[in-house]
Structure formats: structure tokens, C-alpha cells
Peer 1: 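Sharing a structure with you now.
Ligands are counted one by one from 1 in listed order, and the atoms in each one are counted from 1 as well.
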Amino acid sequence: MSTCLVTGGAGFLGSHLCDELLRRGHHVICVDNLETGSLTNIAHIRVPEFEFLQLDIVQPYFVERPIDFVYHLASPASPIDYLRLPLHTLKVGSHGTHHTLGLAKKHRARFLIASTSEVYGDPQVHPQPETYWGHVNPIGPRGVYDEAKRYAEALTMAYHRQQGVDTAIMRIFNTYGARMRPYDGRAIPTFLRQALQDRPITVFGDGSQTRSFCYVDDLIRGMIALAESGEGGPVNVGNPNEFTLLELAETVIEITDSKSEIVHEALPTDDPQVRQPDISLARALLGWEPEIDLREGLRRTVEQAGTAALVGAGRR
Ligand code: NAD
């Protein structure tokens, strides 16, 4: 049994990671300031192997108990959040990552950072392999997120090279599942909320832009596989099956048996036109690949989350 510290553990991915680590018999310390996460995501966990520490990792923080693994997920992740919290997003990527790497160093723990496909920015190479260095607009509104993650990757490598910390960089591509917030602005929770209420489904632009959607259980399996391997990465983890946003909207309508129609809205600034991971490295190094296709993942999301949570009952 290992002790794993999860920053951002009350968020969407973090809470699923806590569940899976506990299921595998580990002790979990969940650290979160609840900025975009929620106690609701971890309310079901009632075992002595789980501790919750409410703190802001932008400030220095310490944990007495020995730690074997640090999973660093804390960061606003959806555009609605990081556009609302631009300075916080930069600080959590910089100060927050410094403090968390410092903690990993002190404990001689293995450190994994949840980076993002957004470090590739405009995907001039498609699909995106880890060797593509990206094409990011540093001064656009999304720059706060993309550059924070790029800085966090550079910092991770500096702690590895100069301080000897055992690190891994994971580049996560769009992931979905239960516990995404219905109003977080990302395509799948938005489409599910609209479809389950038979309201118009709002597709940005003409809907020909593509995304590759990974079901959360596949992603978490890949994350733990990378953490428990000796690999440093960066390693892409995502589902390489690519869909247009229009296809996604149609699939959501089909699996929810909805009467919604599709309407079009303006494209956000710097929205990538295509997005697809090259996962050859994850296959070769970790023996990992996704197992759950889009239809099955959407069905599981609806079943696990329930309609009330997906439509944000009692909220705006
Ligand atoms: P999320 O917003 O649900 O979770 C982020 C968590 O971090 C929240 O619980 C939030 O309260 C916490 N947090 C934020 N700032 C903090 C701070 N200063 N101190 C302590 N806790 C703080 O987002 P998510 O989708 O679960 O994303 C988790 C991580 O995975 C993020 O780092 C994100 O960049 C990365 N990622 C996610 C996706 C995806 O598709 N979900 C894709 C690429 C990368």
C-alpha cells in the first residue's frame, strides 16, 4: 500500500482518481481549495484511508505523513473557469506547481503532473505526437491556461534535472464522465444538459471542428499506469477516435433519445480546429489504450451521474 497525495482531488478527474487509488488499496490525501471542485464529488468516500485537506496550493503547504506518490491535478481546467480566473490559473501553474514539486522532493515521492493537450496550442501537426512543440498564442485569452501548463512542464523538468525529483508528465486530451459540472462550458456536459431538457444544442461555429473524447475510467487507468511506471514522459493519454462537434451533438441526441435541435453559435477565440492524440508512446511504454467508445462512455455518464445532476437541478 502506498500513500498518494492528489492535488485537485475534489475536482472531476481528481475525485475519480481518489476513488480508483482507494479501490486499489492505497491511502489517499486529497488536497483542494474547492475553487472549481466540490465536496459533493468526494462525499461518498467514508473510509479511514482517505483524508481531505482544504488548502490553496498557491501558498506553501506541508504534509507530515510520508508520501510515495504525488498526483498534481489542481488547476482550473475548463475555459469558463480559467477565463474567469486568469491570474489564479497562472499562479496555480507556477507557485502551486513549485510548492507541490517541493513537497514531492521533501518526501522523495514520485511526482506526476496532469498537463494538457493545450500545450500543443494550434495543432499544426495532426494527430499530435509528444515531439510536436506546439504553437501557442501567449497573449490570447486562453494563454493563461496554455502557458501555465507549459511553464509547469518546464518546472517539472527543472526539478527533475536539477533536484533529482522522480517526475512524469502526462498530457491529457479531452476527458468526460460523471461529476463534470453541467455549466462548466465544456462540450459534453453542455450537450448532455441541453439534450436531457430537449433544449437546443449549441454547437460553436459550423461544428466541423474535431475533438477526441476519452472516458474518465480509461484516463484514470492511464494516469496510474504512468505514475507507477518508471517513465518520465511527456506521454499523451486520450482517446484517438476523432469526432466533429456536430457528430458529438448527434450522438448525444441519439443516446438520450432527445427532441433537441442543433443551433450554431460563434466560435471562441483561438479554439483549435482539430484535436487528436497520437498515443503510440502510451501503447508502447505503458501497454495502455482506451477501451470505452464514445457511445458507451456517454451511456455510462448518464447512468452514473443521473439526469438531475446532469441538468444542474436546483442551480442556474
Ligand atoms: P476540475 O476543475 O474539476 O478540477 C480541478 C481541481 O483543482 C478542482 O477541484 C479545484 O478546486 C482544484 N484547485 C484549483 N486551484 C486550486 C488551488 N490553488 N489549490 C488547491 N486546489 C485547487 O478540472 P478537471 O477536469 O478535473 O482537471 C483536472 C486536471 O486535469 C487539471 O490540471 C487540468 O488542467 C487537467 N486536464 C483535464 C482535462 C479534461 O478533459 N478534464 C484535459 C486536459 C487536462
Side-chain angles (χ1 to χ4, degrees), residues 5-19 29-42 52-61 63 70-100 103 112-120 128 142 144-153 156 169-189 211-220 222-223 226 234-239 272 275 277 290 297 301:
L5 181 134
V6 180
T7 73
F12 160 53
L13 293 181
S15 62
H16 284 278
L17 175 63
C18 291
D19 282 341
I29 303 172
C30 167
V31 168
D32 206 297
N33 69 347
L34 305 178
E35 179 68 61
T36 60
S38 163
L39 287 178
T40 316
N41 290 338
I42 50 172
F52 174 64
L53 303 178
Q54 184 170 347
L55 51 86
D56 185 343
I57 64 160
V58 166
Q59 307 302 327
Y61 66 106
V63 174
V70 173
Y71 290 88
H72 179 38
L73 277 68
S75 168
S78 85
I80 275 190
D81 292 326
Y82 59 74
L83 296 176
R84 175 175 63 86
L85 300 163
L87 288 173
H88 176 78
T89 303
L90 284 163
K91 281 187 198 161
V92 83
S94 53
H95 305 27
T97 304
H98 256 298
H99 297 145
T100 308
L103 190 98
L112 177 144
I113 181 157
S115 186
T116 169
S117 57
E118 301 302 331
V119 300
Y120 297 123
Q128 293 85 60
R142 302 170 70 111
V144 294
Y145 180 66
D146 304 359
E147 298 293 5
K149 290 289 185 181
R150 289 171 70 91
Y151 177 85
E153 286 198 9
T156 299
I169 297 172
M170 173 179 182
R171 292 192 180 143
I172 301 174
F173 285 65
N174 295 56
T175 301
Y176 67 98
R179 301 185 201 149
M180 294 187 88
R181 287 166 297 141
Y183 289 93
D184 86 354
R186 293 188 264 196
I188 288 188
R211 294 292 182 273
S212 309
F213 300 102
C214 186
Y215 184 62
V216 62
D217 291 2
D218 280 333
L219 192 284
I220 297 299
M223 186 180 285
L226 176 56
V235 179
N236 288 340
V237 179
N239 192 317
R275 182 66 83 211
T301 303

Peer 1: For side chain to side chain contact (heavy atoms under 4.5 Å, CB included), just list the numbers for R181 and T36, CA-CA rounded to whole Å, side-chain angles, deciding distance to a tenth of an Å, and then say yes or no.
Peer 2: CA-CA 9 Å; R181 287 166 297 141; T36 60; 3.8 Å; yes
Peer 1: Just jot down the ligand 1 atoms closer than 4.0 angstrom to any heavy atom of N174, in number order.
Peer 2: 40 (O)
Peer 1: Taking atom CD1 of I113 and atom CZ of R171, what is their separation to the nearest 0.5 Å?
Peer 2: 11.0 Å
Peer 1: Measure up the Y145 and Y82 rings against each other and bin them: parallel (under 30°), tilted (30 to 60°), perpendicular (over 60°).
Peer 2: parallel
Peer 1: If you take all heavy atoms of G177 and M180, which pair is closest and at what distance?
Peer 2: O-CG, 3.3 Å
Peer 1: N/O to N/O below 3.5 Å, does that happen between D81 and ligand 1?
Peer 2: no
Peer 1: Any nitrogen or oxygen of Y145, side chain or backbone, less than 3.5 Å from one on ligand 1?
Peer 2: yes
Peer 1: Which option wins on minimum heavy-atom distance to atom 32 (O) of ligand 1: H99, K149, H16?
Peer 2: K149
Peer 1: Atoms of ligand 1 less than 4.0 Å from H88 heavy atoms?
Peer 2: 15 (N), 16 (C), 18 (N)
Peer 1: Can you name the atoms of ligand 1, numbered from 1 with element, that are less than 4.0 Å from a heavy atom of L55?
Peer 2: 19 (N), 20 (C)
Peer 1: Should one rank L53, L219, T36, L73 by closest heavy-atom distance to atom 2 (O) of ligand 1, which comes out on top?
Peer 2: T36
Peer 1: Kindly give the heavy-atom pair with the smallest separation between L73 and A114, and that separation in Å.
Peer 2: CG-CB, 3.8 Å
Peer 1: Could you tell me whether K149 and E118 make a salt bridge, using a distance below 4.0 angstrom between a side-chain N and a carboxylate O?
Peer 2: no
Peer 1: I'd like to check whether G37 has a polar contact with ligand 1, where a contact means an N/O of the residue lying under 3.5 Å from an N/O of the ligand.
Peer 2: yes
Peer 1: Compute the shortest N/O to N/O distance between E35 and ligand 1 and return yes if it is under 3.5 Å, no if not.
Peer 2: yes
Peer 1: Which of these, S75, A74, G8, has its nearest heavy atom closest to atom 5 (C) of ligand 1?
Peer 2: S75
Peer 1: Should S38 be counted as touching ligand 1, given the test is an N or O pair under 3.5 Å?
Peer 2: no
Peer 1: What I want to know is whether T175 and ligand 1 share at least one N or O pair that is separated by under 3.5 angstrom.
Peer 2: yes
Peer 1: Given M170, M223, K91, R186, which one has a non-hydrogen atom that is nearest to atom 39 (C) of ligand 1?
Peer 2: R186
Peer 1: If the cut-off is 4.0 Å to any non-hydrogen atom of D56, which atoms of ligand 1 fall inside it?
Peer 2: 17 (C), 18 (N), 19 (N)
Peer 1: For atom 13 (N) of ligand 1, what is the nearest protein heavy atom, given as residue, atom name and distance?
Peer 2: N33 OD1, 3.4 Å
Peer 1: Considering non-hydrogen atoms only, spot the tightest contact between C30 and C18 and give its length.
Peer 2: CB-SG, 4.2 Å
Peer 1: I need the minimum non-hydrogen distance between G297 and Y176, along with the two atoms involved.
Peer 2: CA-OH, 3.2 Å
Peer 1: Which is it for Y61 and T100 under the side chain to side chain contact (heavy atoms under 4.5 Å, CB included) test, yes or no, and what are the steps along the way?
Peer 2: CA-CA 8 Å; Y61 66 106; T100 308; 2.8 Å; yes
Peer 1: R150 vs E153, test: side chain to side chain contact (heavy atoms under 4.5 Å, CB included). Steps then yes/no.
Peer 2: CA-CA 5 Å; R150 289 171 70 91; E153 286 198 9; 5.7 Å; no
Peer 1: Would F12 count as a polar contact of ligand 1, with the cut-off being nitrogen or oxygen pairs under 3.5 Å?
Peer 2: yes
Peer 1: Heavy atom of S115 under 4.0 Å from ligand 1?
Peer 2: yes
Peer 1: As an exercise, identify every atom of ligand 1 less than 4.0 angstrom from a heavy atom of A77.
Peer 2: 23 (O), 24 (P), 25 (O), 27 (O), 33 (C), 34 (O)
Peer 1: Over all heavy atoms of both residues, which pair between T175 and L13 is shortest? Give the atoms and the distance, please.
Peer 2: CG2-CD2, 3.8 Å
Peer 1: May I ask you to list the atoms of ligand 1 that are less than 4.0 angstrom from any heavy atom of G11?
Peer 2: 3 (O), 4 (O), 8 (C), 9 (O)
Peer 1: Looking at non-hydrogen atoms alone, which of L13, I113, L34, I172 comes nearest to atom 26 (O) of ligand 1?
Peer 2: L13
Peer 1: Please say which of L39, V31, I29 ends up in a side-chain contact (heavy atoms from CB on, under 4.5 Å) with F52.
Peer 2: L39
Peer 1: Considering all heavy atoms of both residues, which atom of A10 and which atom of L34 are nearest to each other, and what is their separation?
Peer 2: CB-CD2, 3.8 Å
Peer 1: Report yes if some heavy atom in the side chain of H88 is under 4.5 Å from a heavy atom in the side chain of D56; otherwise report no.
Peer 2: yes
Peer 1: If you count the atoms of ligand 1 from 1 in the order shown, which ones are under 4.0 Å from a heavy atom of I57?
Peer 2: 17 (C), 18 (N), 19 (N), 20 (C)
Peer 1: What about V31: any of its N or O atoms under 3.5 Å from an N or O on ligand 1?
Peer 2: no
Peer 1: Tell me whether R181 has any N or O atom under 3.5 angstrom from an N or O of ligand 1.
Peer 2: no
Peer 1: Just which atoms of ligand 1 are under 4.0 Å from any heavy atom in A114?
Peer 2: 30 (O), 32 (O)
Peer 1: Hey, does G96 sit under 4.0 Å from ligand 1 if you only count heavy atoms?
Peer 2: no
Peer 1: Test S78 against D81 for side chain to side chain donor-acceptor pair (under 3.5 Å), laying out the working first.
Peer 2: CA-CA 5 Å; S78 85; D81 292 326; 3.2 Å; yes
